[in-house]
Enquirer: 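I am attaching a structure below and will ask some questions about it afterwards.
Quick note: numbers below take in every heavy atom, side chains included, and nothing from hydrogens, waters or symmetry partners. Proteins come first, then strands; the chains are lettered A, B, ... in the order of their sequence lines, and each starts at number 1.
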2 protein chains.
Amino acid sequence: MALRHAVLAALLDGEYSGYQLAKGFDIGVANFWHALPQQLYAELAKLEREGLVEGREVVQETRPNKRLFRVTAAGRAELEAFAEAPSKPSFIRDDLLVKVQAADRIGTTAVIEQLEERAVAAEAKIQLLGALLRQLRGDADEEEFLRRGERIGGYLTCLRGLTFEQEHRDWCRRIAGILRERQAGHVER
Amino acid sequence: MALRHAVLAALLDGEYSGYQLAKGFDIGVANFWHALPQQLYAELAKLEREGLVEGREVVQETRPNKRLFRVTAAGRAELEAFAEAPSKPSFIRDDLLVKVQAADRIGTTAVIEQLEERAVAAEAKIQLLGALLRQLRGDADEEEFLRRGERIGGYLTCLRGLTFEQEHRDWCRRIAGILRERQAGHVER
DNA sequence: AGAGTCATGTAAGCTGTTACATGATTCG
DNA sequence: CGAATCATGTAACAGCTTACATGACTCT
């Protein structure tokens, strides 16, 4: 299983609705898992049927009602079992890498553009993660926070996300530069 | 679509059978896409029905016969269209990150072990990719090769894989260290 | 007035994983 | 003699994406 554990981990921090998770999956937890709203609604319904989360209806006057979920004891046990089971290997799965792989055989112009767009997007995410990290650690410096902070899980995963995005940005810029120079050299077909 | 383009990109380098692709997906192309043999056989059959690849039977005496595939003109056109279409954003999707996220709420011992195993696996992959890169660029140094080499696509994607694995290894070691120290500090439940 | 946000879902289709099945050859 | 390699698939299931559907409220 997959998404279910990401959802359970996200819900350890408090109560969230499907909608809130769908938003939040773009920051915090989202560094390492993404999901569309539809999938989250479906997964929450399934987790509730299995008794791993509990939902309660929150009536709102000016907006549609929502259902907030929290992890049950059974859900926590499920997460613990998951943590002890072997992990599947991680890998990058990325359209752009496929395109770069083929870049010397097919046209490079579009690929260069996409690399540059990606670099910009990565930079934006770096800023976002930097702000999130500062916010999570508060006044403390990083070392101090990691030694004594209460909730460091999210911080640690954001650190991974940050270096990933930095490498991603640097690679995109470098490859775009290399391909551009090669275009300038031999005449582009 | 997804796997189909990774397969087409891999087949640009020459003729391969499903079995060979399944092996090769663990090196080269595999830095950014992985697939099980079953999926490759299915995808190759589909690509052939659609006329994007062509297979030819190679009769072998001492081993089972095999079918070697190469990309057709239509397949190349398909790849070119793919390269010009916008790419989906890339993200890490990793069980271990889910576990680290929850690590301060559930038991950490198993997670620390897995982080250390991962670091070892990452190190092995780093060695492998380093060797592959040296082999691809031959005698030339990297800058020279990237300026004038014929087939640099695979090299560029391996570079991405290499830094990814290095960051992955470093992160695993650092997080394992942090979690271990915290275990030593406050008594483990 | 139109776009965007809050809020939740269903249904269909595509992609990916796991289990099962076969059979000869080579290596230790 | 047993395990691994070469070589190809089928079938069932799980997971993910895309399209469709609804409806009130808020901001420009």
Enquirer: Which parts of residues 61-68 of chain B get close to DNA chain C, meaning a heavy atom less than 4.0 angstrom away?
Expert: Thr62(B), Pro64(B)

Enquirer: Rounded to whole Å, how long is the line connecting atom CG of Leu47(A) with atom P of dG9(C)?
Expert: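 The answer, rounded to whole Å, is 13 Å.
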
Enquirer: Just how far, in rounded Å, is C1' of dG23(C) from OH of Tyr19(B)?
Expert: 14 Å

Enquirer: For Glu57(B), does the CD atom have more than 12 heavy-atom neighbours from other residues, nucleotides or ligands under 6.0 Å away?
Expert: yes

Enquirer: Where the side chain of Ala2(A) is defined as all heavy atoms beyond and including C-beta, which of dA7(D), dT5(C), dG15(D) is the nearest nucleotide?
Expert: dG15(D)

Enquirer: So for the helix from dA1(C)-dT28(D) to dG28(C)-dC1(D), with five pairs setting each end axis, what is the inter-axis angle to 10°?
Expert: 50°

Enquirer: Given that Gln38(A) and Gln38(B) both sit by DNA chain C, which one's nearest nucleotide is further toward the 5' end?
Expert: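 Result: Gln38(A).
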
Enquirer: Do Phe82(A) and Leu96(B) land in one hydrophobic cluster if side-chain heavy atoms of ILVMFWY residues count as linked below 4.5 Å?
Expert: yes

Enquirer: Check the pair Leu12(A), Asp104(B) against side-chain contact (heavy atoms from CB on, under 4.5 Å), reporting the backbone distance first and the verdict last.
Expert: CA-CA 10 Å; Leu12(A) 283 178; Asp104(B) 46 8; over 6 Å; no

Enquirer: In whole Å, what is the span from the CD atom of Gln60(B) to the C1' atom of dT25(C)?
Expert: 12 Å

Enquirer: Given side-chain contact (heavy atoms from CB on, under 4.5 Å), test Ile152(B) with Leu179(A) step by step and report yes or no.
Expert: CA-CA 10 Å; Ile152(B) 60 162; Leu179(A) 292 178; 4.2 Å; yes

Enquirer: What integer distance in Å separates Glu43(B):CD from dT10(D):P?
Expert: 14 Å

Enquirer: Could you tell me if the side chain of Ile175(B) sits less than 4.5 Å from the side chain of Arg160(A), heavy atoms only?
Expert: no

Enquirer: What integer distance in Å separates Gln39(A):CD from dA19(D):P?
Expert: 16 Å

Enquirer: Side chain of His34(B) only, please: which of dT17(C), dG9(C), dC16(D) is the nearest?
Expert: dT17(C)

Enquirer: Trp33(A) has an atom CH2; how far is it from atom C1' of dC16(D), in whole Å?
Expert: 11 Å

Enquirer: Counting only side-chain heavy atoms from C-beta out, which of dG9(D), dT18(C), dT17(D) sits nearest to Leu36(A)?
Expert: dT17(D)

